[in-house]
Every structure is written in C-alpha cells, then in structure tokens.
Amino acid sequence: AIDALNYPRAKLDVIFVVEIDDHDTAAALHAAAPQTPYEIVIAPKGAPRTKPRALNIAMPLARGSLVAVFDAEDLPDPHQLRSAAALFDALPQDVACLQASLVIDNGGLNWMTALFAMDYAALFDVYNRGLSTLALPIFLGGTSNHFRIEPLREIGFWDAFNVTEDADLGLRLARAGYDVRTFGSDTYEEAPGDFVALARQRTRWLKGWMQTALAHCRHPLRLIADLGPRRAGAVMAMFFGGVLGPLLGPFFAVRFIYDALYGGLLRPTSVGDIL
C-alpha cells in the first residue's frame with residue numbers, strides 16, 4: 001500500500017512506529033519492507049501504552065508540513081495523499097484536518113463484519129459528511145486523517161491517555177478555532193471477525209467517548225464559549241447519542257424483534273412507531 005501511493009517520493013516521509021517489544025511487527029517490516037524510503041521509530045517502554053503516545057513520540061521526527069495517519073492494516077486509495085494535499089492547497093488555512101472515508105473490505109466474512117461495514121458506511125459517507133457540510137465539529141475516526149502539522153503542534157498533538165484519541169483531537173481542533181472536513185477518498189481496512197475482538201473494540205470506543213465527554217464537559221460554559229451555542233449543542237447531542245445509544249440498543253433490539261414477530265413492525269399507528 002505504501003509503494004502504491006501516487007505521491008512524489010522526494011516529498012514522502014514514511015515513519016513506522018513500533019513498540020519496543022513488538023518483535024513480530026519489526027520482523028515483518030524487515031522481511032517485507034516497502035521500496036519507498038522509510039524509517040522505523042521504536043516507542044520506548046513507558047505508560048500509557050497507547051497509539052496516541054506512539055504518535056506523539058514520532059511526531060517530532062516528521063519533516064513534512066502535512067501529516068497522514070494510517071493503521072497497520074490500512075489500504076488507502078493510491079491517490080489519497082495527492083488529493084488531500086491539493087485540497088489543503090485550495091482550502092483556507094483554518095482547515096486543519098481532512099478525514100477520508102473508512103471502508104470495510106471483509107464485510108462478507110460473517111454477520112458481524114456485514115453490520116460493521118454498514119455502520120462504517122453510515123458514519124463516514126453520511127453522518128460525517130453531513131457534519132462537515134453543516135460546519136459542525138467532527139469526532140475523527142482513528143485512521144486516514146490528514147493534518148496540517150502546525151495546528152497539531154499548537155494544540156499539543158494527541159492525548160496519550162484517551163483511548164479514542166482522534167475523537168478527542170477533532171473536538172480540540174474545533175475548540176481551538178480550526179475546521180475539520182471530509183473528502184472523497186476511501187481507505188480499506190478489516191473489521192474484527194469474532195465476537196470477543198469486536199466486543200473489546202467497541203468497549204474501548206465507548207470508554208473513550210466517556211473519557212472525551214468528561215474531559216470536555218467539565219466546564220460547560222467554557223465549551224459553549226469556545227464553540228458557540230449551536231456547535232456546542234451538537235457536540236452534547238453526539239456525546240449523549242454515542243454513550244446512550246449502545247446502552248439502549250439491546251432494549252430497542254428486543255422491541256424490534258417483538259414487533260417483527262407479531263406484525264406491529266409494518267403496521268405503525270403513530271409517528272412514534274414510525275421513528
């Protein structure tokens with residue numbers, strides 16, 4: 001995927017960040033290294049052992065004015081970097097980040113990956129694009145984010161203790177006066193194929209949303225002052241929806257199954273039933 005990127009090699013600065021005891025990943029990199037010039041940065045022992053900490057360790061070594069973050073399994077569109085750079089050149093300087101769409105490439109594996117693929121399609125191709133069109137803050141996904149490096153430096157890069165670090169970063173950029181937008185480029189990645197891995201991932205995401213909500217809502221008046229009433233209200237709605245949605249999901253699922261079995265699903269009697 002790195003070698004397939006359609007971007008001038010003289011302007012491409014590739015950094016792989018590997019934990020100090022992750023010998024398997026280091027061995028895989030050495031065994032199948034890209035032809036594109038790259039360097040491996042070893043994250044030393046320390047706490048917390050998180051992706052944002054590893055990114056913060058690597059960022060002082062980045063030499064470009066634009067930075068893109070990809071997860072290890074990602075397959076970005078070969079033209080994605082060039083498209084993002086062209087957009088940054090045309091957009092105002094207060095646009096600090098462009099979020100590409102994440103697409104699940106193993107949606108046909110089982111029912112869980114199929115649902116995951118639908119979830120991502122709704123999130124990245126509908127929901128986030130709507131937020132971008134309405135100029136509302138976007139809780140970034142964990143990968144395929146393209147940044148101007150100066151705004152990142154200004155806000156102190158990532159919060160190493162937040163397990164949904166990019167959702168927090170999107171909000172911090174908005175509070176600092178920067179815009180985040182989406183753009184039409186896809187990155188393919190795999191969804192967890194078994195229930196235990198899926199549950200662990202979603203539990204971590206829910207924990208991160210609660211962390212982010214607590215961090216940003218501890219001073220509500222300051223949040224409103226930073227974002228304005230309209231954008232702050234949208235952020236609060238996203239927080240409540242993101243935390244309460246999974247908790248209420250089982251109850252809605254039971255009601256859905258009940259209505260499907262006894263015929264009420266297709267015979268709504270009120271606006272509430274339709275919703």
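All values below were derived from every heavy atom in this structure, side-chain atoms included, with hydrogens, water molecules and symmetry-related copies excluded.
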Begin with the C-alpha distance, continue with both residues' side-chain angles, and end with the deciding distance and a verdict on side-chain contact (heavy atoms from CB on, under 4.5 Å) for Arg49 and Asp21.
CA-CA 11 Å; Arg49 188 184 172 93; Asp21 57 354; 2.6 Å; yes

Going by atom types only, do Thr187 and Asp74 share a side-chain donor-acceptor pair under 3.5 Å?
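No pair is found: no donor N or O on one side chain lies under 3.5 Å from an acceptor on the other.
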
Should Thr36 and Asp3 be marked as a side chain to side chain donor-acceptor pair (under 3.5 Å) after you check the CA-CA gap, both sets of side-chain angles, and the distance that decides it?
-> CA-CA 6 Å; Thr36 304; Asp3 285 335; 2.8 Å; yes

Would you mind checking if Arg222 and Asp226 are paired as a salt bridge, meaning a charged N to carboxylate O distance below 4.0 Å?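 The answer is no: the pair does not qualify as a salt bridge.
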
How long is the straight-line distance from [atom2] of [Y] back to [atom1] of [X], given to the nearest 0.5 Å?
X      : Y      : atom1 : atom2 : answer
Cys217 : Leu223 : SG    : CG    : 5.5 Å
Glu39  : Ile15  : CD    : CD1   : 4.5 Å
Ile138 : Ser132 : CD1   : OG    : 4.5 Å
Leu206 : Gln201 : CG    : CD    : 12.5 Å
Arg82  : Ser185 : CZ    : OG    : 13.0 Å
Ile42  : Glu19  : CD1   : CD    : 9.0 Å

field: Trace of the side chain to side chain donor-acceptor pair (under 3.5 Å) decision for His216 with Arg175
entry: CA-CA 10 Å; His216 288 276; Arg175 297 187 67 170; 3.1 Å; yes

Close side-chain approach of [X] to [Y], heavy-atom, < 4.5 Å:
X      : Y      : result
Met210 : Phe239 : no
Asp186 : Gln80  : no
Val69  : Phe147 : yes
Ile57  : Leu55  : no
Leu5   : Pro76  : yes
Phe16  : Pro34  : yes
Ile40  : His30  : yes
Leu169 : Asp159 : no

Note to self: Using a 6.0 Å distance limit plus a 45 degree cone around the ring axis, check whether Arg200 lies over the aromatic ring of Phe195.
What the structure shows: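 The answer is no; the distance or angle limit is not met.
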
When clusters are formed by joining ILVMFWY residues with side-chain heavy atoms under 4.5 Å apart, either directly or through shared neighbours, do [X] and [Y] land in the same one?
X      : Y      : result
Phe70  : Val180 : no
Phe256 : Leu248 : no
Tyr178 : Leu91  : no
Leu98  : Leu66  : yes
Leu171 : Leu134 : yes

Are [X] and [Y] close enough that their ring centers fall under 6.0 Å?
X      : Y      : value
Tyr127 : Phe139 : no
Phe183 : His146 : yes
Tyr262 : Tyr258 : yes

Take Val67 and Met59 through the side-chain contact (heavy atoms from CB on, under 4.5 Å) test and state the conclusion after the steps.
CA-CA 9 Å; Val67 177; Met59 284 306 299; 3.8 Å; yes

inquiry  = Ring-plane angle category for Phe124 and Tyr120, please: parallel below 30°, perpendicular beyond 60°, tilted otherwise.
reply    =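 Ring orientation of Phe124 relative to Tyr120: perpendicular.
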
With distance as the sole test, does [X] use its side chain to make a donor-acceptor pair with the main-chain N or O of [Y] at under 3.5 Å?
X      : Y      : value
Thr50  : Ala160 : yes
Lys51  : Asp71  : no
Asn56  : Trp158 : yes
Asp194 : Val196 : yes
Arg202 : Ala199 : no
Thr113 : Asn106 : yes
Gln211 : Phe161 : yes
Arg230 : Gly228 : no

Which heavy atom of [X] sits nearest to which heavy atom of [Y], and what is that distance?
X      : Y      : result
Arg204 : Thr164 : O-CG2, 4.2 Å
Asp94  : Gly177 : CB-O, 4.2 Å
Leu198 : Pro192 : N-CB, 3.8 Å
Ser101 : Asp125 : OG-OD1, 2.9 Å
Arg231 : Pro137 : NE-CD, 3.8 Å
Arg148 : Val95  : NE-O, 2.8 Å

In this structure, which one of Asn145, Asp166, Thr182, Asn128 forms a side-chain hydrogen bond (donor to acceptor under 3.5 Å, both in side chains) with Gln99?
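The option that passes is Asn145.
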
*asked:* Please determine whether side-chain contact (heavy atoms from CB on, under 4.5 Å) holds for the pair Glu189 and Ser144, giving the CA-CA distance in whole Å, both sets of side-chain angles, and the decisive distance to 0.1 Å.
replied: CA-CA 10 Å; Glu189 65 176 25; Ser144 293; over 6 Å; no

Practice task
Under the salt bridge (Lys or Arg N to Asp or Glu O under 4.0 Å) rule, what do Arg172 and Glu154 come out as? Steps first, then yes or no, please.
Solution key: CA-CA 11 Å; Arg172 287 198 289 126; Glu154 180 183 326; over 6 Å; no

**Message:** Go through it in stages, so that I can follow the logic: the residues are Ile104 and Glu190, the test is side-chain contact (heavy atoms from CB on, under 4.5 Å), and I'd like the CA-CA distance, side-chain angles, deciding distance and then a yes or no.
**Reply:** CA-CA 6 Å; Ile104 298 302; Glu190 291 187 357; over 6 Å; no

If you count heavy atoms of other groups shown closer than 6.0 angstrom to CZ of Phe240, is the number above 12?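 Open: at most 12 neighbouring heavy atoms sit under 6.0 Å from CZ of Phe240.
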
| said: So for atom OH, which belongs to Tyr188, do other residues, nucleotides or ligands contribute more than 12 heavy atoms lying within a distance under 6.0 Å? | reply: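 Open: at most 12 neighbouring heavy atoms sit under 6.0 Å from OH of Tyr188.
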
